[in-house]
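Here is the structure we will look at.
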Amino acid sequence: MTLTIDLVILFLCLGVAYPGVTGIFMDKLASKKLCADEECVYTISLARAEDDYNAPDCRFINIKKGQLIYVYSKLVKEGEAGEFWAGSVYGEQYEDQMGTVGYFPSNLVSEQHVYQEANKTIPTTAIDFFCE
């Protein structure tokens, strides 16, 4: 019991000592992703949402039917998990959401234009699934 109390106090002190550190590491959706480059910063394709999607947590982005999305990486599907891509919305009418990168189900979009092949397999890291 004393050890538990000591650990709680330690974590509280760390939170006070480092107030700028906020957020939480979320469960990984996959251990690998496909990208066009080693840093996954180049756009792979432009996709159009075929249906609405409401993000279940901060790893994901909300998308609306008809919205255009820049795709930056594609998670490699593992087992029964869904297939998710990472991207950001595009278009002046979505200016408040532009620049926000997050995951969305690949089966809800259709690729409109492929800019580069996603032929680099990169391991995902904890920062890929960090929520602020």
Side-chain angles (χ1 to χ4, degrees):
M1 182 72 166
T2 303
L3 179 61
T4 303
I5 293 172
D6 290 342
L7 287 174
V8 169
I9 291 171
L10 175 66
F11 287 125
L12 288 173
C13 290
L14 286 175
V16 172
Y18 300 100
V21 178
T22 59
I24 185 169
F25 289 102
M26 304 294 285
D27 291 335
K28 281 189 170 191
L29 300 170
S31 59
K32 295 178 186 173
K33 58 187 173 182
L34 296 173
C35 301
D37 62 290
E38 297 293 328
E39 288 81 33
C40 298
V41 294
Y42 291 111
T43 305
I44 296 169
S45 62
L46 183 66
R48 181 176 304 280
E50 300 295 328
D51 206 352
D52 292 348
Y53 177 72
N54 293 317
D57 63 48
C58 66
R59 294 173 293 181
F60 301 89
I61 57 172
N62 293 319
I63 57 175
K64 301 287 182 205
K65 184 176 182 176
Q67 197 171 41
L68 294 173
I69 304 159
Y70 283 122
V71 179
Y72 299 106
S73 67
K74 299 177 178 182
L75 294 178
V76 176
K77 185 176 178 177
E78 296 177 351
E80 298 298 316
E83 185 175 351
F84 296 97
W85 293 353
S88 63
V89 297
Y90 171 78
E92 288 180 18
Q93 67 269 36
Y94 306 108
E95 188 173 331
D96 61 324
Q97 299 172 18
M98 287 175 64
T100 302
V101 177
Y103 292 103
F104 55 91
S106 63
N107 64 343
L108 293 182
V109 300
S110 60
E111 284 185 301
Q112 302 295 297
H113 182 76
V114 176
Y115 299 111
Q116 303 181 63
E117 290 300 318
N119 56 10
K120 304 258 189 252
T121 303
I122 311 292
T124 58
T125 64
I127 199 70
D128 287 309
F129 309 103
F130 183 76
C131 286
E132 289 191 90

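Counting Ile, Leu, Val, Met, Phe, Trp and Tyr side chains that sit under 4.5 Å apart, directly or through other members, Val41 shares a hydrophobic cluster with Tyr42. In this structure, Leu34 belongs to a hydrophobic cluster whose other members, linked by side-chain heavy atoms under 4.5 Å apart, are Val76.
In this structure, NZ in Lys64 is found 5.5 Å from CG in Asn54, a value given to the nearest 0.5 Å. With rounding to the nearest 0.5 angstrom, the CD1 atom of Ile63 is 4.0 Å from the CD1 atom of Ile69. Put simply, CG on Leu75 and NZ on Lys28 are 10.5 Å apart, with the number rounded to the nearest 0.5 Å. Here the straight-line distance linking atom SG of Cys35 with atom CD of Glu117 works out to 13.0 Å at 0.5 Å rounding.
Under the 4.5 Å side-chain criterion, counting only non-hydrogen atoms from C-beta, Tyr72 is not in contact with Cys40.
The heavy-atom pair separating Thr124 from Ala30 by the smallest distance is OG1-O, 2.7 Å. The two residues Phe104 and Gly102 have their closest heavy-atom pair at CD2-O, 3.9 Å.
Residue pairs meeting the salt bridge (Lys or Arg N to Asp or Glu O under 4.0 Å) criterion with at least one partner in residues 32-60, sequence neighbours excluded, are Lys33-Asp128, Asp57-Arg59.
Applying the ring-ring contact (aromatic ring centres under 6.0 Å, His included) rule to Tyr115 yields the partners His113; only residues at least two apart in sequence or on another chain are considered. In terms of the ring-ring contact (aromatic ring centres under 6.0 Å, His included) criterion, residue partners of Phe60 (sequence neighbours excluded) are, by chain and number, Phe84. With sequence neighbours excluded, the residues that form a salt bridge (charged side-chain N to carboxylate O under 4.0 Å, His left out) with Glu111 are Lys74.
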Passes side chain to side chain contact (heavy atoms under 4.5 Å, CB included), Leu46 versus Tyr70? Steps please. CA-CA 5 Å; Leu46 183 66; Tyr70 283 122; 3.8 Å; yes

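Summarising the local packing, CG of Asn119 is surrounded by more than 12 heavy atoms from other residues, nucleotides or ligands at distances under 6.0 Å.
Formation of a donor-acceptor pair under 3.5 Å by the Glu78 side chain with backbone atoms of Ser31 is found in this model.
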